[in-house]
Amino acid sequence: MDSRALFVLLWMLLSSTSTGIKLDGNGYVDITIAISSKVPQDNTLIDKIKQMVTEGSVHLHKALDKKVYFKEATILVPPHWNSTGFDKARTESFEKAKIRIDNAGSDEPYTRQYGACGVEGDYIHFTPNFLLKDAVAQPYGPRGKVLVHEWAHLRWGVYDEYSETKPFYISNGQVEATRCSKSIKGRIFNLTDDGAFEQCSTDPQTSLPTKGCTFFPDRSQNTDGSIMYLPSHDSVITFCQASEHNYEAPNLQNEKCGNKPTWTVIFEDSVDKDKLNSLKPMTSSPPVPTFKVVQRMQRVVCLILDVSGSMSTDSRIIRQQQAATHLLRTVIEDHASVGIVSFSTDANTLSQLTTIDNDSTREKLIKLLPKTPGGSTNMCKGLNLGLQVLARDNGDALGDEIIFLTDGEATDNIGDCSLKAIASGAIIHTLALGPNAAKALEEMAEKTGGKFIVSNDVFTSNQLMDAFASLTLSTGDYTNEPVQLESVGIKTSDWFNGTVSVDQTVGNKTSFVIIYEKSFPSISIQSPSGSTYNQTQMSHDIPMKTVTFKIPGTAEPGDWKYTIQTPTLQSLTITVTSQATRADVPPIIVKTRMNQQFSDGTTPMVVFAEVSQNYRPVINAEVWATLESQTGKSQTLQLLDNGAGADAIQNDGIYSRYFTKFENGRSSLKVRVKNQDGQASFTLPKKSGAPYVPGYVVNGTVELNPPKPPVSEEPLEVGSFSRTATGESFEVAFTGTTPPNFPPNQITDLSAEIQENSVLLSWTAPGEDLDQGTAKSYEIRWSYDLQMLRESFSNGHAVNTAAVSPLVAGSAEKHSFNLSFTIQNGSTLFFAIQSEDKEKEKSKSSNIAQASKMIQATPDPATSPDPATSPHPEASPYPKPPGISNPGLNLTVIVVSVCVVTMVICFVVAITTWAVRRRKHLV
């Protein structure tokens, strides 16, 4: 087969085995729906999932101009479910699934969104209760339509068109409910705790309804949009388009997407935009989706380890041995099966698949790890033999895992065997040790749902240990998985000291692993209560230059202090891992990734780190990311959760930062999280998801939905904790000779407030380069016309910003100014900002902030009636609640009616008297 034919075949096979969602014609395929292993077996749940997707396919078809539907979906059930007719899982896994079924703090459906408008979300979350109990799902809408709402978040990166934080706003002097489209009608009432309705009152500071007031839509109305606002309404079947979009509504869709309609984002900015614009509407109803139900049983792993001659460089062979030992001793779970293969000029089976049933089995496998390098790098021999080892338990490698480590370019043609490896159905994790590992390693990991991680030869980076520690395969139950508390290194001839915080969520199987480069150091570890442990109480593996201390039982919560002294200049590293203390309390976990695995340097990259505990965000933690190239050059960024710059939502537990200082080649990603000052806390998730609708107005009466279960809004203290996490590696390959100059980041949190005749603007300062450094200047403009300001920023009215000097990126900016005229009562003004750097590069225009001046008329005390003797006036202009009478209003009506009747009688008498007198006069 010639090279071109081989390339075509490789491309076809790689495309057909991709683990990501894609469009096949008009139908979406490769949709994985995973059920967490924390969910008890209930086969009805499978039926409900199929029903939701089938109904959702019909709604999706209607919503998007009959262009697309759900064609195929795979349901991954937990390992502990009785396997009755379930197929064996291939590359499907819980963490790679884009739709997840799991228990959480509430039953609200939502989508986890990391990035900017138009960027794919991370996953959709449903609870078993939402799928199984109609009373739970009812307030959100038909499950199929709710799925379409969440799909728009996930696939097309749009945001919600309602707002729980800003449910009302003022437009042209009138109070409006935040909604899209504006044609949706309803009434505003306050629903008390005992289920009664009250008339809403007005906040004198904002002129908006007070907290607790709710907009109840009319059930009887004919409007087809929008699914991102009200999927529960029967008539709503599509997304808002330009002709009906509510550009003024203070919702996330307008804020994050530059006031663009949902329809516009889907067809102009989403990952599917090109295909959607080229697809023609289907001429018939979509076919029913097809489903596969698959199951992953106990974990089966084969280590395929490079022992070629180049592995002798920079002590790579011993570092491989140290990291693989950590994997076998700490990371691989009980009851998993593990095989070991080594390769160089030839390949050898060091261990057939062996089930880990005790610590003795682990140690036997560790002793079999390769120790001596030599020969060439025949990757195909290693891959093929590893697949044979995996096939010996049940005849194939479907759903099994390969951990493939190599440091060099293949001596053979890896293209000859990568096709077979990908087609085997195994998940392939690939580790590139050094700068010369083959490109095919990335492709195998990407196409099989595995992880691709690079490690350089800098001893203190501890990258290879981190890489092996990250190779878990979660089933959704994190109580059974190791959590890395610390991973740090140093080169010193003196002291190496530090603190590791063990919090209440971890403590079982806690171990400290110290690796030294040359000579055995002096080691001391102190517990929070003051107990001290030294190296005599630790195990020492001299050939592997490793010292291990396993804390017996459950580790005492608090700060554990380590002190290491070396008289010889050498590199030292320490790795600390633990597991959940209780099976019913998941640990705090950290997940990190880049927004893309490859960049040509023309667009910025974003670093993400999610800190959470059982889906609850952990906020106010200290989060630092280290990005290290294969040459050893590293950069450190503090990640922020401030809702500005690269961060999409403030205080959602997702910490972000732009990364712009690129270096050609592969780089690794590592995140360290600390909370030793007590600032971090748990909070309620901030979600993109279908809204809970408390009720509808039907024939003038509000019919309530089942009440939403209460959830405590008080943040909970976390206590001291520490975590580290390793993300998949990424690569930069410049298209030009020098990296581009990036402008300041777009301001996305601009807010405005009118205070008498002045305007107060608030925002988070951008940087010189995106969200780093300090911008040079600001340009602020305003208009009465939102659309004009949105479409042509430069045509807005300029505000004098000569006295405004930008603060360093991330700072809170506030600027108050007077306009050149008196702001009239009832006016609504719109504002936007651009910033500029020293190279005169301008940012995108900010989100558009709006402010209204609404002054309530104040009665004259001299002429106002005495409230003690007069009827109480209506509290607000909003409609009277159904079934509630107003005695004051009734008395007023009676008095006015009597006066009107009296005046009419007087008028008639006067006319009659005048007519009689005139008649007498004429006579």
Side-chain angles (χ1 to χ4, degrees), residues 117 159-163 165-182 205-208 240 242-262 264-265 643-644 744-766 778-801 804 813-836 842-855:
C117 179
Y159 281 84
D160 289 319
E161 292 168 345
Y162 65 93
S163 175
T165 58
K166 299 176 182 178
F168 301 100
Y169 68 102
I170 293 174
S171 176
N172 297 322
Q174 298 295 319
V175 172
E176 295 284 356
T178 301
R179 65 202 191 281
C180 190
S181 73
K182 205 171 178 179
Q205 299 297 320
T206 64
S207 298
L208 294 173
C240 263
S243 60
E244 58 182 356
H245 179 62
N246 186 355
Y247 291 89
E248 294 184 8
N251 53 35
L252 281 179
Q253 174 61 23
N254 280 332
E255 181 180 320
K256 298 298 180 185
C257 298
N259 301 81
K260 285 185 179 182
T262 297
T264 303
V265 173
N745 65 265
Q746 180 186 23
I747 295 169
T748 59
D749 62 349
L750 178 66
S751 63
E753 180 184 349
I754 294 177
Q755 300 173 332
E756 295 183 353
N757 281 316
S758 66
V759 176
L760 175 65
L761 297 181
S762 304
W763 67 94
T764 301
Y778 292 124
E779 181 179 357
I780 303 175
R781 293 187 178 270
W782 71 273
S783 176
Y784 287 113
D785 186 344
L786 182 151
Q787 283 293 76
M788 187 279 292
L789 192 62
R790 172 177 173 262
E791 295 171 1
S792 181
F793 173 82
S794 60
N795 286 334
H797 302 288
V799 174
N800 186 354
T801 58
V804 182
E813 296 266 29
K814 290 184 180 293
H815 178 48
S816 182
F817 58 90
N818 293 318
L819 297 177
S820 58
F821 59 91
T822 300
I823 303 173
Q824 299 298 314
N825 190 30
S827 299
T828 298
L829 280 66
F830 302 94
F831 302 87
I833 301 180
Q834 283 186 346
S835 48
E836 187 176 275
K842 290 187 176 182
S843 70
K844 294 181 180 179
S845 296
S846 70
N847 65 294
I848 297 177
Q850 64 187 71
S852 298
K853 184 175 183 179
M854 294 289 289
I855 301 175

Taking side chain to side chain contact (heavy atoms under 4.5 Å, CB included) as the test, write out the residues that go with [X], two or more places apart.
X	answer
A798	R781
S171	Y169, E176, K182, E248
Q824	T822, S827
Q787	Y247, D785, R790, E791

Under 3.5 Å, is there a donor-acceptor pair between the T764 and D749 side chains?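 A donor-acceptor contact under 3.5 Å links the two side chains.
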Got a sec, which residues hit side chain to side chain donor-acceptor pair (under 3.5 Å) with [X], two or more places apart in sequence or on another chain?
X	value
Q253	none
S243	none
S845	Q834
K844	none

Quick one: pull up OG in S207 and CE in M854 and give me the separation to the nearest 0.5 Å.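 Going from the OG atom of S207 to the CE atom of M854 covers 5.0 Å.
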Output for pair (N259 CG, N254 CG), nearest 0.5 Å, gives 4.5 Å
Applying ring-ring contact (aromatic ring centres under 6.0 Å, His included), name anything that partners Y778, two or more places apart in sequence or on another chain.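 Partners of Y778 under the ring-ring contact (aromatic ring centres under 6.0 Å, His included) test: W763.
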Considering residues at least two apart in sequence or located in another chain, which fulfil the salt bridge (Lys or Arg N to Asp or Glu O under 4.0 Å) criterion with K853? none
Go through the structure and list residues passing salt bridge (Lys or Arg N to Asp or Glu O under 4.0 Å) with K166, not counting sequence neighbours. none
Can you label the angle between the F831 ring and the W782 ring as parallel, tilted or perpendicular, going by 30° and 60°? tilted
